[in-house]
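In what follows, a structure is listed as structure tokens, so that the remarks can point back to it.
None of these values were measured; they are calculated from a predicted model.
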Amino acid sequence: MFFTPGILPGFGRGIIPAGYQKINEQKGGISMMKISLKGGEMKTFENGTTLFEIAKSISEGLARVCLAAEVDGEVKDLTTPLDKDADVKFLTFDDEGGRLAYRHTASHVMAQAVKRLYPNTKLAIGPAIENGFYYDFDFETPVSAADLEKIEAEMKKIIKEDLPLEKYELPRAEAIRFMEEKGEGYKVELIEDLPDDAVISFYKQGDFTDLCAGPHLLSTGKLKAVKLQYTAGAYWRGDEKNKMLTRIYGTAFPKKSMLDEYLEMLEEAKKRDHNKIGRELGFFKTVDYIGQGLPILLPKGARVIQLLQRFVEDEEEKRGYLLTKTPFMAKSDLYKISGHWDHYRDGMFVLGDADKDKEVFALRPMTCPFQFQAYLADMRSYRDLPLRYNETSTLFRNEDSGEMHGLIRVRQFTISEGHLACRPDQLEEEFRQCVDLAKFMLETLGLAEDVSYRFSKWDENDKDKYIGSAEQWEEVQDRMRTILDHMGIDYTEASGEAAFYGPKLDIQIKNVFGKEDTLITVQIDFQLAERFGMEYIDTDGQKKYPYVIHRTSIGCYERTLALLLEKYAGALPTWLSPVQVKVLPISEHYFDYANQVKKALAEKRIRAEVDDRNEKIGYKIREAQLEKVPYMLIVGEKEEEEQTVSVRSRKDGDKGAVKLEAFLGDILEEIETKAK
């Protein structure tokens, strides 16, 4: 692509920003390059041929549907010219890179629409996300639902204008000056954080220019179906000390039918959202003056978590774990030894001022440095290993306010935490057993088919985030990869997601809206035993440090409860239901018999309630159905005379009258087997 000197497309002659550099021009002379395409096909092109031209040479159909291209693993705009041999994969909306480019362009179109309608609005950031996009704005006055309709209408005008997206670059100083002249202070701050020698890229579409690394579509007209969904508050850079901005969320698809299908799915998801049904069914609540991320578990929610805790602790005891109970807080000295003070302090609640107070405490964000004290309580031999400690731990993490969501992400939570000390020759088997325990829990809860596995590694380009040498990290990561391969786990790898002391296996799960979170982790720690002096005497009489495995078996109980509510739409399996049976007397004449039935159920540890309100039986049945109770036992004159109960099942409807003993046998078997 060639530009006439002094003219940038869309800017006009004489108004090119100072320092502009052409980035899409051919480098003189005719030389050829080899491009490897999908399936191993090899084609030859002149240097300087753009990705779009390559796509068009393959087929007009490909040129129409491709949105971006992956060049040697990096996603690029289709306007990008190539000047050397490369592996190229063209991306459509079916590919993640294609979807992100598509929706990233939609976020720019939204920002352009906002600036047209509200010129004094300041721009912050506007990325594509998994199911759509958002942009953070600093509006002069709050926006409403009616404003979203106007913005969306303006977006559709911009799409119809089919404006080309043109990329250019500026040196850092020129980029700062350019954004200062536009009055975009947030953009200036972003640029100022970049290195002095950084070259900054911008994208221009018609009358709108934005700081952006890309990639983007060829033009705004490539967008087809867009929808703005809702607004939310978002602190600038996620810091509650900064100004609260307005975040507008939207989504975009290449076909209206796809958009309609997605919006319909969202409506269904809202019905299953634990934040909605958990409150409606009385599992939890939140209170503004208590604080964000600090939910109140009501009797139903507390009962389910109690059941899960008992189940987990009993299962862990069977598997050789030793229970500990440790403090909720400690002096900063402990966290300095473990490394959390240097690597995790921003995520901790610190009590006291290090500059003023003799002793500074912090609420614990994890249990490991506390549980290590159990190991240190005695001298250890190789014969003592492995040692497996478990604890139902209450933890505290200073999550950003924008990250809070019901029970899924909170600031105080309870976790099934455990730490294992083992010899090197025991590492693989102990790791395998930790994963086996996690899988057992997931299968029992009915979540096994909903998870994926991620091998989380360190970021070798940001070594300051971690402790230990590069050689140690590579050695342990290679060993963990070997263990995972031996286990036949289908996993992806992610750099930069490791704990600061070691790599980990993250068991990932998505909520009903598609947002992914970590549910369970199993981590290999090759650092902290040495920091705490956790030694054992080996067979050769020498003192050595064990490997430590950090693991959870069911993860965070609050998050697990949220996911179960969504999985089962509130209708939890009988063994987990806070109320398993509702006894419904037809009238007040049968209250005594209803209470006799309840007593018989309670003697078998079945959680039952009697609905003794002065209401018609049809109303009581509907209420019990709305409460998602697994069984209703209707009692009247006939049932009292024959010592039976009329059973209505949440799953099977009316099952008729049966002897109470027969019903007890059936429900006890269902509970014992933890049937789903």
Side-chain angles (χ1 to χ4, degrees), residues 94 96 99 129-132 251 261-262 264-278 281 283-284 301 304-305 307-309 311-312 315 403 405-410 413-417 432 434-456 484 487-494 497 504-523 551-578 628 630 650-651 670 673-676:
D94 292 333
E96 181 183 16
R99 288 193 298 275
I129 53 178
E130 184 174 2
N131 291 311
T251 192
E261 183 180 341
Y262 174 73
E264 184 179 343
M265 181 275 291
L266 276 186
E267 287 305 310
E268 288 301 311
K270 288 177 183 177
K271 297 175 185 176
R272 302 175 78 95
D273 180 9
H274 84 277
N275 226 345
K276 178 178 183 291
I277 59 178
L281 294 176
F283 280 79
F284 75 98
V304 175
I305 286 183
L307 292 165
L308 290 171
Q309 288 178 3
F311 168 53
V312 169
E315 184 62 31
E403 294 295 320
H405 177 59
L407 297 177
I408 284 182
R409 191 169 289 275
V410 291
F413 56 95
T414 307
I415 194 168
S416 58
E417 201 159 15
R432 180 190 296 272
C434 289
V435 176
D436 178 72
L437 173 59
K439 286 184 174 181
F440 171 75
M441 294 293 171
L442 291 169
E443 288 164 2
T444 303
L445 296 177
L447 298 174
E449 67 273 22
D450 301 325
V451 302
S452 59
Y453 295 85
R454 186 181 73 189
F455 174 24
S456 296
L484 296 176
M487 296 177 68
I489 291 177
D490 182 15
Y491 61 89
T492 59
E493 296 192 15
E497 296 293 336
K504 56 185 175 142
L505 176 67
D506 287 324
I507 302 179
Q508 303 290 105
I509 194 166
K510 294 180 180 180
N511 67 12
V512 288
F513 296 106
K515 171 70 168 60
E516 184 174 274
D517 283 293
T518 300
L519 181 60
I520 296 171
T521 64
V522 184
Q523 309 170 11
R551 48 101 280 187
T552 58
S553 55
I554 206 172
C556 163
Y557 286 102
E558 289 82 357
R559 182 173 295 174
T560 300
L561 172 57
L563 293 164
L564 288 171
L565 288 172
E566 294 185 350
K567 171 77 174 183
Y568 297 104
L572 298 179
T574 301
W575 75 276
L576 273 179
S577 292
K628 314 285 187 180
R650 185 176 63 194
K651 289 182 180 179
E670 184 177 343
T673 59
K674 295 182 171 58
K676 301 178 188 62

Non-hydrogen side-chain atoms of Met441 and Glu315 separated by less than 4.5 Å
yes

Measure the shortest side-chain to side-chain distance between Ser452 and Glu516 over non-hydrogen atoms and say whether it is less than 4.5 angstrom.
yes

Counting heavy atoms not belonging to Glu264, are there more than 12 under 6.0 Å from its CD?
no

Could you measure the distance from the NZ atom of Lys510 to the CG atom of Asn131? Nearest 0.5 Å is fine.
7.5 Å

Does any donor atom in the side chain of Thr518 or Gln508 lie under 3.5 Å from an acceptor atom in the other side chain?
yes

Could you tell me if the side chain of Tyr453 sits less than 4.5 Å from the side chain of Thr492, heavy atoms only?
no

Any side-chain to backbone donor/acceptor pair from Thr414 onto Tyr557? Under 3.5 Å, distance only.
no

Hey, what do you get for OG1 (Thr521) to CD (Glu497), rounding to the nearest 0.5 Å?
12.5 Å

Could you tell me whether a side-chain N or O of Thr552 sits under 3.5 Å from a main-chain N or O of Glu417, the two making a donor and an acceptor?
no

Less than 4.5 Å apart, side chain to side chain, heavy atoms only: is that true for Glu443 and Lys674?
no

Distance in Å, Ile554 CD1 paired with Ile520 CD1, rounded so as to fall on 0.5 Å steps
7.0 Å

Pair Glu96 + Arg99, salt bridge at N-O below 4.0 Å
no

Which class fits the ring pair Phe440 and Phe311: parallel under 30°, tilted 30 to 60°, perpendicular over 60°?
tilted

Using 0.5 Å steps for rounding, measure from the CG atom of Leu563 to the CG atom of Leu445.
10.0 Å

Are Ile129 and Lys515 side-chain neighbours, meaning at least one heavy-atom pair lies under 4.5 Å?
no

Determine, stepwise, if the pair Phe284 / Asn275 fulfils side chain to side chain contact (heavy atoms under 4.5 Å, CB included).
CA-CA 9 Å; Phe284 75 98; Asn275 226 345; 3.6 Å; yes

Gap between atom CG of Leu442 and atom OG of Ser553 - 0.5 Å precision
10.0 Å

Take atom CD of Glu261 as the centre, draw a 6.0 Å sphere, and report whether it contains more than 12 heavy atoms from other residues, nucleotides or ligands.
no

Please determine if Lys651 and Glu670 form a salt bridge, counting it only when a charged side-chain N lies under 4.0 Å from a carboxylate O.
no

So, Arg272 side chain and Lys567 main chain: donor-acceptor pair closer than 3.5 Å or not?
yes

Any non-hydrogen side-chain atom of Lys628 less than 4.5 Å from a side-chain atom of Leu572?
no

Distance (rounded to the nearest 0.5 Å) between Glu566 CD and Leu447 CG:
10.5 Å

